[in-house]
Amino acid sequence: MIMSVIIDAEKRLFTLHTRNTTYQMKADSLGSLLHIYYGERTDESDKSYAICMKSRGFSGNPYEMGRDHSDYSLDVLPQEYSCYGTGDYRISALKIQNSDGSFAASLQFKEYQISRGKYAIPGLPAVYAKEEEADTLEIILEDLVSEVEVQLLYGVLFENDIITRAVKIINRGADRIVLQKAASINMDWINGDYEWLTFYGGHARERNIQRDALGHGIHAIGSVRGASSHHYNPFAIVCERNTDENKGACYGFSFLYSGEFLMEAEKDQINQTRLICGIHPDNFEWNLQPGGQFDTPEVMMTYSSRGFGALSRNLHKTIRQNICRGEWKEKRRPVLINNWEATYFNFTGEQLVTIAKSAAELGIELFVLDDGWFGKRDDGNSGLGDWFPNEKKLECTLKELAEKIVGCGMKFGLWFEPECISEDSDLYRKHPEWAVMIPGRKPDLSRNQLILDFSREDVQDYIIGRLSSIFEETPIGYVKWDFNRSICDKYSMALDMLSQREFAHRYVLGLYRVLETLTVEFPHILFEGCSGGGGRFDAGMLYYTPQIWCSDNTDAIARLGIQYGTSFGYPVSAMGSHVSAVPNHQTSRITPFSTRSCVAMAGTFGYELDVTKLSEEEKKMVRQQIGRFKEYYDLIQYGEYYRLQAPTDSQCTVWEMADPEGREVLVSAVYHHVEANVAPVIVKVQGLNAGASYRMSLNMDDMGNIQGWRRKWFEEHMPYGYKNEETITGAALQQCGLVIPEALENYQAWQIHIVEV
Ligand code: DGJ
């Protein structure tokens, strides 16, 4: 049994080891908990010698150090959890307003505790692990004046190279205090020039990558939209300048939180870098009465000295195994068809059953009825909140419809948007006080809808009750949980004046309570998260919904970039991805059918088009695609993911899924356009056994549109290695590379299966 926490009690030195990384901190003579090291695995010797003590003008000195210690300043020392107001002028983790109105905290080491297993956080998502897989270190700090106790929690998952952090703040004093900022993590680097990768975007173009130098000044990303947002993902990578996919040092920080967040970094006067991540303080305050406790959400950290690829794989594995929960964590997920882009709001019950029948004949396993099945809902302007089936439109009860679909041999799934309410709804007419708005002001509308006040327990209970009745009455196997606007006018009629700034966080806690109750109560239901696509694509949501609709943009070429960016922080098994019709509804682009399926297979895989309108040839292709997806299922969903060529810097995006033993690999390549007389695309395959021999097969179904002499010519001129009898060694494929066949048409995709012989 490996104990990954090593403590030198006398020196008050704490070292955390994972298989490839080490993290160290130390309480100094004043009791300040200093951060010393995080990076490549090393020993547990005291590395605090590397912290240079030197007097810096205008960087003050704690009173307790006396007159002779002008070299000791909190303004330049690397810290584990920095405080606002007491001599550290950099961005800080904790800002408290004390009962006397002052803004000050100063934390001193009190004690520590180690335990086997991974801590949990009440009411919040958190990485979990078997007792033998993780250790927890708890370091307790206190502010002697206000008697506030701060417990720093560290969860160490040795094999995954993951360290998690969260903070518990307890008011042990006699007076109320107010938390104005309570970040989840403070990370200080005492030297180095860093850059960071952040993931920005908007609706239908999520998670583009931006790489910026962390030069002097404050750099920040975040969300004040009530949800984690399309605009900045709550995930960032801090790296050294030369770091790329396969080499160099990098640190990943993934926030397990679905609400407003702030990730900020500052390079200070002596070139040290600090990163702070937590709930966004703009719309946050928490009143802590005597004895009260506040738990911050968790940050999951990982370090890799082997570039972004290894970093992503650490996160993929941990999200799959230690964040996603429930029956569907390991279970094979069904190939689905969703009616949204096939019908939008305009459908009849009969039409749905016809689509479902036709889909079932093609091998599709789950039919999802999207928006428009309830209340008065024929467009986006009304009905939200009225979660009662529209039997006139369905031409039967919901149960009967579900039974007809189940009768076709499929599972039945249903769309909900439980957190929203239309002004034109019975629920709003009955409970206007349940809508989020500021009394006396007109609310900001978005998609003509309002937010339901999930910070209220009565609202949470109502939604739990309403959805539970539908789940109990109807044979439902899947739920799409959508959320289609940002939150402003933040105000709850159930909170008093002093607590209004608690609203945004209370909303997220309410959402988590509802999701926890429903997912535990109905474990057979596969929940898919969604927020206008990927507007709430975060590791917090994945604790409740093991997959999330990646984007409302279903264009295969646009998806290359969206899924590429998403893959830095999240596994393929989390990315909802569908084959849709052409011209594409978001971009009007026309791509080959095989390209659309190749891209959707880098996700949970399904269809979102009217299958009754497909040609016989296309229907044949659907059957082949499903067969192929099922054949490669384990490789795709549980394999090691490698980004071989980025959509941004080449003519062709290439990625790979490898079985962890290196016996089988699926390489997928999609050309961004077709060109005459192009240079060949050669990629270095990864994760193979160097000494083993491999046979490669090119999927000729991907030549769907290419017939006649071109097909014949292509088959005769196959690049080296694709002829059946040939084998190539792993070493050759890894070092010399694999030749990707050229594009024969615009947006050509190839899937190459490589198997050890
Ligand atoms: C936004 C989602 O992302 C779409 O897939 C669809 O469910 C619509 N909402 C329905 O209103």
Side-chain angles (χ1 to χ4, degrees), residues 201-207 225-231 233 258 336-347 352 355 366-387 389-390 393 412-422 424-425 445-452 467 476 478-487 526-538 541 545 547-556 558-559 562-563 566 574-581 584-587 596 600 603-610:
H203 176 237
R205 45 179 184 82
E206 297 89 339
R207 292 172 290 286
R225 294 168 173 274
S228 47
S229 90
H230 299 88
H231 305 79
N233 195 262
S258 313
L336 67 78
I337 181 149
N338 179 304
N339 75 309
W340 180 243
E341 286 198 8
T343 65
Y344 295 102
F345 291 106
N346 308 317
F347 54 79
L352 297 176
I355 295 178
L366 160 70
F367 178 85
V368 179
L369 172 51
D370 211 278
D371 199 350
W373 57 269
F374 52 92
K376 186 181 128 204
R377 182 80 172 162
D378 290 323
D379 54 35
N381 297 323
S382 59
L384 288 177
D386 295 342
W387 302 108
N390 181 342
K393 187 168 176 182
F412 178 66
L414 207 52
W415 178 95
F416 290 89
E417 191 176 357
E419 300 157 71
C420 285
I421 180 166
S422 305
D424 185 2
S425 69
L445 291 175
S446 183
R447 215 194 186 204
N448 273 331
Q449 61 198 54
L450 298 170
I451 299 288
L452 198 54
L467 268 54
I476 286 182
Y478 163 104
V479 161
K480 179 173 171 186
W481 186 288
D482 205 348
F483 180 59
N484 283 303
R485 60 160 294 176
S486 305
I487 310 179
L526 167 62
F527 282 78
E528 175 157 350
C530 177
S531 172
R536 205 161 51 187
F537 203 112
D538 55 68
M541 277 310 279
T545 68
Q547 58 190 61
I548 300 175
W549 181 225
C550 200
S551 176
D552 269 354
N553 193 335
T554 61
D555 170 41
R559 273 291 183 124
I562 295 168
Q563 294 178 186
T566 307
M575 295 186 219
S577 193
H578 301 165
V579 174
S580 61
N584 178 266
H585 293 197
Q586 291 77 39
T587 62
R596 284 173 270 153
T604 56
F605 196 64
Y607 292 82
E608 189 160 336
L609 42 72
D610 188 347

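First listed ligand is number 1; within each ligand, the first listed atom is number 1. Below, all heavy atoms of this structure are taken into account, side chains as well, without hydrogens, waters or symmetry copies.
- Nearest to atom 11 (O) of ligand 1 among the protein's heavy atoms is Asp371 OD2, 2.7 Å.
- Between Trp373 and Trp387, the ring-plane angle classifies as tilted under the 30° and 60° cut-offs.
- Within the 4.0 Å heavy-atom cutoff, Arg447 counts among the residues contacting ligand 1.
- When non-hydrogen atoms are compared, ligand 1 lies under 4.0 Å from the side chain of Asn484 (C-beta onward) but not from its backbone.
- Side chains of Arg536 and Ser258: a donor-acceptor N/O pair is absent below 3.5 angstrom, by distance only.
- Of the protein's non-hydrogen atoms, the one nearest atom 7 (O) of ligand 1 is Asp370 OD1, 2.6 Å.
- Ion pairing between Asp378 and Lys393 holds under the 4.0 Å rule for side-chain N and carboxylate O.
- The closest protein non-hydrogen atom to atom 3 (O) of ligand 1 is Asp552 OD1, 2.3 Å.
- In summary, Lys376 and Asp386 do not engage in a salt bridge, as defined by a charged side-chain N under 4.0 Å from a carboxylate O.
- Panel note: side chain Gln449, backbone Cys420; no donor-acceptor pair is recorded below 3.5 Å.
- Taking a cut-off of under 4.0 Å to the non-hydrogen atoms of Trp549, the atoms of ligand 1 that pass are 3 (O), 5 (O).
- Contact analysis puts Lys480 in contact with ligand 1, with a non-hydrogen atom separation below 4.0 angstrom.
- Ring to ring, Phe347 and Trp340 are not that close: their centroids are 6.0 angstrom or more apart.
- In this model, no donor atom of one side chain and acceptor atom of the other lie less than 3.5 Å apart for Glu608 and Thr554.
- Just one residue in the list Thr545, Asn338, Leu336 forms a side chain to side chain contact (heavy atoms under 4.5 Å, CB included) with Lys480, and that residue is Asn338.
- Annotation: Trp340 places no N or O atom under 3.5 Å from an N or O atom of ligand 1; distance criterion only.
- With a 4.0 Å heavy-atom cut-off, ligand 1 is reached by no atom of His578.
- The distance from ligand 1 to the heavy atoms of Cys530 drops below 4.0 Å at these ligand atoms: 2 (C), 3 (O).
- Among protein heavy atoms, atom 1 (C) of ligand 1 sits closest to Asp482 OD2, 3.0 Å.
- Not one N or O of Glu608 is nearer than 3.5 Å to an N or O of ligand 1, by distance alone.
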